[in-house]
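The sequence lines fix the lettering, A, B, ..., with proteins before strands; numbering per chain opens at 1.
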Amino acid sequence: MLNRLANTIVVLDFETTGLSPATGDRAIEIGAVRLQNGVVVDSFQQLMNPGQRVNSFIEQYTGISNEMLADAPSCEQVMNDFADYIGDDNLLAHNASFDKKFLDAELQRVGRSYSGQFACSLLVSRRVYQDAPNHRLGTLVKYKDIASDGDFHRALFDSQMTAKLWLEILSDIETKYQIEQVDFNLIKKLSSLSKAKVDGYLRSIS
DNA sequence: TGCCAGGCCCTCTTTAGGGCCTT
């Protein structure tokens, strides 16, 4: 892996009681890995008790049961620890708008915040892998032939897979366009371009 | 009873609608 991946980034994934904190949904698990120089240097995983029962769909979808959550620490306790973990690092998630709204909502409850910027592997993959069958995390992992031995829809595993996908995206851009430095800022730039303009832009800077 | 997410992105578009993605 070349020196171009020097940026540190925290890749995170939430499991939640539903789709929106605005309608009362809460986080039930957070998983994250920290990438430095393209290598996972540490990780964070914690179930958290949302103070409400999760429905059967969520139990089945995530494999996280009400029984498992009963003895888990509170969201407030876990999110305080997680705020310490992420520090000032930039952040990445697959469909980041979803994880960002839960991160913001849960941190607001404990009076914490963060200074890093979010990148989204879903938005980038739609631009870089335009021939993929779809852009779900599991599909992209298969599409890129990324080794995966674990349970999708658990927070740590999904964050690990997102991290591997992220490195694959960086590597593929570097190889295809012979770009020496694919960093967080370039990815943010790509995410602001339409799909049709990404190829031309990358050729223009290679 | 009826409500029930929201940002992105494409197109049969922009005075809009609907699929994709996340749980």
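With a 4.5 Å cut-off on side-chain heavy atoms, A/R109 and A/M79 do not count as touching. Side-chain contact between A/F118 and A/L103 is present, with heavy atoms from C-beta onward closer than 4.5 Å.
As judged by a 4.0 angstrom heavy-atom cut-off over every strand, A/D25 is placed among residues making no nucleic acid contact. A/D99 comes within 4.0 angstrom of nothing in the nucleic acid, heavy atoms only. Residue-level contact check: A/K195 touches the backbone only, with heavy atoms under 4.0 Å from sugar-phosphate atoms and none from bases. Looking at heavy-atom distances under 4.0 Å, A/L137 makes contact with sugar-phosphate atoms alone, never a base. Among the atoms of the strands shown, only primed sugar atoms or phosphate atoms (P, OP1, OP2) are found under 4.0 Å from some heavy atom of A/T62. Residue-level contact check: A/R127 touches the backbone only, with heavy atoms under 4.0 Å from sugar-phosphate atoms and none from bases.
A search for salt bridge (Lys or Arg N to Asp or Glu O under 4.0 Å) contacts involving A/K144 returns A/D172, not counting sequence neighbours.
Residue-to-nucleotide proximity on DNA chain B shows that, of A/K101 and A/H135, the 5′-proximal contact is made by A/K101. Residue order along DNA chain B, read from the 5' end via each residue's closest nucleotide, puts A/S194 first among A/P133 and A/S194.
Identified under the side chain to side chain donor-acceptor pair (under 3.5 Å) test for residues 39-51 of chain A, with sequence neighbours left out: A/E29-A/Q45, A/R34-A/D42, A/D42-A/Y85. Residue pairs meeting the side chain to side chain donor-acceptor pair (under 3.5 Å) criterion with at least one member in residues 157-170 of chain A, sequence neighbours excluded, do not occur.
Only one option out of A/D88, A/N90, A/D89, A/D104 pairs with A/Y114 in a side chain to side chain donor-acceptor pair (under 3.5 Å); it is A/D104.
Scanning DNA chain B 5' to 3' for nucleotides with an atom closer than 4.0 angstrom to a non-hydrogen atom of chain A gives a first and last hit of B/dA5 to B/dT23.
B/dC4 and B/dG17 are spaced 16 Å apart, taking the P atom of each and rounding to whole Å. With C1' as the reference atom, B/dT13 and B/dG18 are 12 Å apart, rounded to whole Å. The gap from the C1' atom of B/dC12 to that of B/dA16 amounts to 11 Å, rounded to the nearest Å. Only the C1' atoms considered, B/dC9 is 14 Å distant from B/dT14, to the nearest whole Å. Comparing B/dG7 with B/dT23, their C1' atoms sit 15 Å apart, to the nearest whole Å.
The minimum heavy-atom distance linking A/F14 with A/D99 is given by the pair N-OD1, 2.9 Å.
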Donor-acceptor contacts under 3.5 Å from residues 58-65 of chain A side chains, at least two apart:
residue : atom : partner : partner atom : Å
A/E59   : OE2  : A/N66   : N            : 2.8
A/E59   : OE2  : A/N66   : ND2          : 3.0
A/Y61   : OH   : A/H153  : ND1          : 3.3
A/T62   : OG1  : A/I58   : O            : 2.7
A/T62   : OG1  : A/I64   : N            : 3.0
A/S65   : OG   : A/E67   : N            : 3.4
A/S65   : OG   : A/M68   : N            : 3.1

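Between A/Y177 and A/D199, the side chains place a donor N or O and an acceptor N or O closer than 3.5 Å (distance only, hydrogens not considered).
Across residues 53-60 of chain A, A/F57, A/I58 each have a non-hydrogen atom less than 4.0 Å from an atom of DNA chain B (numbered order).
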